[in-house]
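Note that ligands are numbered from 1 as they come in the structure, with each ligand's atoms numbered from 1 the same way. Both backbone and side-chain heavy atoms feed into the values below; hydrogens, waters and symmetry mates do not.
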Amino acid sequence: MHQSLRKSLRKYFVMGSQNCQTDPVATLELAAKAGITSFQYREKEKGALIGKEKLELGKELRKICKEHDILFIVNDDIDLVEPLDADGIHVGQDDISVQKIRELFPNKMIGLSVSNVREVDQSPIQLVDYLGAGPIFGTTTKQDAKQPVGVDWIQSLRAQFPNMPLVGIGGINTENAHSVIEAGADGVAVISAITNAQNIQGAVEQL
Ligand code: TZP
Ligand code: MG
């Protein structure tokens, strides 16, 4: 299970309509055709859809992932897990607890963001299916992003958890993605490297 998840996290596209220059459905369709391996629906922050519109867009994005056999993860929003038949849920340190999600959804994948040693120490890592480490580099995409931690953080997590599926996130682009993989990550999670690309297909291929 770990091995196949590690593979599926290789090119992990994270996005909501607020990140897209054009239609989010068209954006995901292009990225899916170009070879992303996982997708996280992260409809939040400035300009994000809410309520029914958020759900309806989620359904369209979910469908694309099914067609292309791409993992579909929702960010934070436990209310979307069942209606969208998500494969999993990704949470940060200030969101609903991992224990609670595990209780509610025994069979869904759980991803957890960790930015430092303290967060690792206070988290039930044994309940988590994969870790998101970051922000690795500086990013302007997430409004409340913490200070960048660099690829050293990937190295140290990999040393502590040799078999844990692990992705880097934050400021990763086609130029620096290799350094995240070389440090021991299974994959790279990106928003703007894809949503802001002139050529989405080319960007996904290069990652
Ligand atoms: N979590 C940590 S950094 C970040 C998230 C969601 C934003 C990543 O966006 P980008 O554009 O890939 O830097
Ligand atoms: Mg969160």
Q) Pick from Val114, Val120, Asp121: which one makes a side-chain contact (heavy atoms from CB on, under 4.5 Å) with Val117? A) Asp121
Q | Whether Thr139 side chain and Thr141 backbone form a donor-acceptor pair below 3.5 Å | A | yes
**Q.** Protein heavy-atom partner closest to atom 6 (C) of ligand 1 - residue, atom, separation in Å
**A.** Arg42 NE, 3.5 Å
Q: List the closest protein heavy-atom neighbour of atom 5 (C) of ligand 1: residue, atom name, distance to the nearest 0.1 Å.
A: Lys142 CD, 3.4 Å
Q | Contact partition for Ala145 relative to ligand 1, non-hydrogen atoms under 4.0 Å | A | neither
Q: Taking Arg102 for its side chain and Lys108 for its backbone only, find out whether a donor-acceptor pair lies under 3.5 Å.
A: yes
Q.
Suppose we measure from atom 9 (O) of ligand 1 to each protein heavy atom; which comes out shortest, and what is that distance?
A. Thr141 CB, 3.4 Å
(Q) Below a 4.0 angstrom heavy-atom separation, can you tell me which part of Ile191, side chain or backbone, both or neither, approaches ligand 1? (A) both
Q.
Tell me which N, O or S atom from Asp95 is the closest to the Mg ion (ligand 2).
A. OD2
Q. To which protein heavy atom is atom 3 (S) of ligand 1 closest, and what is the distance rounded to 0.1 Å?
A. Gly170 CA, 3.7 Å
Q) Would you say Asp94 has an N, O or S atom lying under 2.8 Å from the Mg ion (ligand 2)? A) no
Q) When only distance counts, is Gly171 in polar contact with ligand 1, meaning an N/O pair under 3.5 Å? A) yes
